[in-house]
Amino acid sequence: MDVTFARFVSALRNADVRVSPAETLTAFDVVRRVGIADQALLKDSLALALAKSKAEKSRFDDTFERFFFQLAFQEPAKHTFLAKFDTEADRQAALEVLQGEISAELVDAVGAVLNDDRTALAVRVQQVGAALNIHEISSLREKAVFSRQIANELAVPELDAYVTGGGDGAGAISDELRGLLRYLRHYFHDEIRAYVDAQYRLHADASGKRAILEAALKSHLNQLPQAYHEEVRRVVKRLADKLAKEHRRRARQTNRGVLDIKRTLRRNVAYDGSVFDLRWRQQKRERATVFVLCDVSNSVARVARFLLLFLYELTDVLPSIRAFAFSSRLGEITDIMRAKPSEAAIEEALFSWGKGNTDYARAFMDFRELCAMDLNARSTLIVLGDGRNNYYDPRPDVFKDLSRRVKQTFWLNPETRDQWREGDSEMRRYAPHCFRVETCNKIRDIERFADRLLVAAR
């Protein structure tokens with residue numbers, strides 16, 4: 001039971017239910033106290049000990065059901081092929097014919113299907129899976145390996161060879177029985193694959209999407225399917241939370257300052273030269289302001305959506321942030337981001353300012369009109385956009401003026417440098433006025449930039 005429960009905890013962690021070692025020990029004690037006879041009591045008791053949030057309780061319930069009810073052969077065989085063997089005499093006669101044609105183990109498997117005893121088949125598959133350590137499955141490639149090994153243990157390849165070869169005693173087998181064997185050949189393979197797939201989702205890929213999601217996270221955000229947006233949002237929030245915790249730790253170390261030797265010695269005179277009370281020399285620094293200008297036109301909207309979400313999740317550790325969105329005209333969305341949940345605020349910003357043809361010159365002039373007096377040597381300016389200006393006058397002089405007013409200017413471009421010479425791109429005229437221009441079209445790019453921004457904007 002201890003081994004089984006340890007595997008269950010591993011499955012919970014794989015399903016994004018956070019279970020610490022201390023909570024695992026508590027849960028072991030719960031199992032010893034409540035026992036396993038009452039399933040509902042066991043499930044509710046473990047849920048209290050292991051699942052902390054509403055989302056985790058939902059994932060716990062799903063994992064519990066899939067772990068302790070992971071039987072194979074959930075689907076019954078089609079009645080169409082069993083109808084000719086609906087009496088005990090017909091079933092017994094069919095098995096007697098097969099006893100001289102196939103192995104005894106395979107005869108037992110066919111008999112279990114004829115008698116609708118799928119539990120026996122499921123138990124056999126469970127035993128074979130446990131012997132093969134199927135709980136250690138870790139990749140898609142291993143699914144085919146385990147399926148083949150389990151099929152071999154059940155002698156299914158023998159049935160394959162018998163059916164495809166016509167059978168050594170083909171004359172002794174009726175057409176109905178031959179049709180049943182052809183069907184069972186596919187039925188056994190399908191049910192074994194379904195069982196292995198369930199084990200893979202339980203032990204390697206809890207959601208069934210993880211491998212695909214990891215590939216999506218490495219791909220261009222403009223190519224990310226709509227179906228994965230919610231999953232990617234959760235990943236972005238986790239990354240932002242991790243980054244924020246790391247920054248708080250670094251900030252505490254930095255804000256402590258350097259050791260003030262004179263004050264330390266004066267404070268420790270009473271301790272006969274032993275240093276107990278350390279004093280640190282600190283410098284007061286004005287809080288910086290980060291201005292974020294996001295191109296939310298169709299060509300950049302998806303990247304802008306995830307950048308804004310990342311910055312939204314970092315608002316408690318970043319200095320003062322003012323966010324702006326533009327396509328043809330520019331408007332401030334700071335109040336919207338503060339007043340509404342992240343998804344609703346971002347969607348409203350994209351809807352309100354994502355219309356019209358992109359005009360960077362007009363947007364920069366609008367921004368200068370709104371914020372010229374607020375820009376100073378402690379400010380950081382971030383522009384997210386592809387620099388494609390629809391052949392309008394780009395007015396790089398306006399952008400140069402903005403860049404000179406702030407400490408540093410970053411430009412995040414979803415396009416690579418080799419695309420700057422194509423079409424209506426004006427990046428070659430804007431880039432000289434930036435402290436750094438970075439390609440930003442993946443979640444990893446946004447995470448790396450946010451980490452750098454946290455350090456630079458302190």
Side-chain angles (χ1 to χ4, degrees), residues 285-297 300-301 303-305 307-312 314-340 342 345-346 348-387 389 392-413 426-427 429-438 440 446 449-450 452-458:
R285 303 177 64 181
E286 298 179 5
R287 288 177 61 84
T289 302
V290 178
F291 296 89
V292 183
L293 279 60
C294 281
D295 178 357
V296 293
S297 60
V300 197
V303 181
R305 177 183 281 109
L307 175 65
L308 288 172
L309 178 60
F310 219 113
L311 295 177
Y312 183 97
L314 294 174
T315 50
D316 61 331
V317 292
L318 271 172
S320 175
I321 294 182
R322 294 182 63 179
F324 301 81
F326 70 91
S327 53
S328 57
R329 299 301 297 262
L330 177 140
E332 186 165 4
I333 58 173
T334 306
D335 292 339
I336 298 175
M337 299 291 289
R338 291 172 178 168
K340 296 186 177 183
S342 59
I346 292 170
E348 180 175 336
L350 294 176
F351 177 79
S352 300
W353 299 98
K355 304 170 184 176
N357 297 324
T358 307
D359 186 346
Y360 279 83
R362 181 72 265 171
F364 291 147
M365 287 189 287
D366 289 344
F367 176 69
R368 185 170 62 177
E369 183 178 343
L370 289 171
C371 302
M373 300 301 296
D374 300 324
L375 302 178
N376 54 48
R378 289 285 298 153
S379 302
T380 298
L381 176 62
I382 303 171
V383 180
L384 172 68
D386 55 11
N389 204 41
Y392 296 129
D393 183 359
R395 294 294 304 276
D397 58 302
V398 178
F399 182 67
K400 178 181 179 181
D401 178 53
L402 295 174
S403 183
R404 292 177 62 182
R405 292 170 181 260
V406 299
K407 177 183 178 182
Q408 52 195 351
T409 301
F410 296 96
W411 191 301
L412 308 181
N413 195 325
E426 300 291 347
M427 278 307 301
R429 304 180 69 177
Y430 290 134
H433 310 300
C434 299
F435 174 73
R436 189 190 297 272
V437 179
E438 298 187 9
C440 182
I446 296 177
F449 171 75
R452 188 178 295 120
L453 176 65
L454 286 172
V455 175
R458 279 206 300 254

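When a residue number appears, it is its place in the shown sequence, counting from 1. These figures come from a predicted structure and were not determined experimentally.
- Shortest non-hydrogen contact noted between Val296 and Ala304 is CG1-CB, 4.2 Å.
- Side-chain contact between Tyr430 and Val437 is absent, with no heavy-atom pair separated by less than 4.5 Å.
- Of all the heavy atoms in Ala361 and Asp393, the pair that sits closest is CB-O, 3.1 Å.
- Expressed to the nearest 0.5 Å, how far OG1 of Thr289 lies from CZ of Arg378 amounts to 9.0 Å.
- Looking at Ser403, its side chain never comes within 3.5 Å of a backbone N or O of Phe399 through a donor-acceptor pair.
- Taking CD1 of Ile336 as the reference point, atom OG of Ser352 lies at 5.5 Å (rounded to 0.5 Å).
- With Ile382 as the fixed residue, the side-chain contact (heavy atoms from CB on, under 4.5 Å) test singles out one of Val406, Ile321, Leu412: Leu412.
- Judged by distance alone, with hydrogens and angles left aside, the side-chain atoms of Ser297 form no donor-acceptor pair with the main-chain N or O of Thr358 at under 3.5 Å.
- Among all heavy-atom pairs drawn from Arg429 and Pro394, the shortest one is NH1-CG, 3.3 Å.
- Looking at every heavy atom in both residues, Leu370 comes nearest to Asp374 through O-OD2, 4.3 Å.
- With rounding to the nearest 0.5 angstrom, the CZ atom of Arg404 is 15.0 Å from the CG atom of Leu381.
- We find the CZ-CZ distance between Arg368 and Arg405 to be 7.0 Å, quoted to the nearest 0.5 Å.
- Nearest heavy atom pair, residue Phe324 against residue Ile333, reads N-CG1, 4.0 Å.
- Here the side chain of Trp353 pairs no donor or acceptor atom with the backbone of Arg329 at under 3.5 angstrom.
- By the 30° and 60° cut-offs, the orientation of the rings of Phe367 relative to Phe291 is perpendicular.
- At least one donor-acceptor pair closer than 3.5 Å links the side chain of Asn389 to the backbone N or O of Tyr360.
- When all heavy atoms of Cys371 and Arg322 are compared, the pair lying nearest together is SG-NH2, 3.7 Å.
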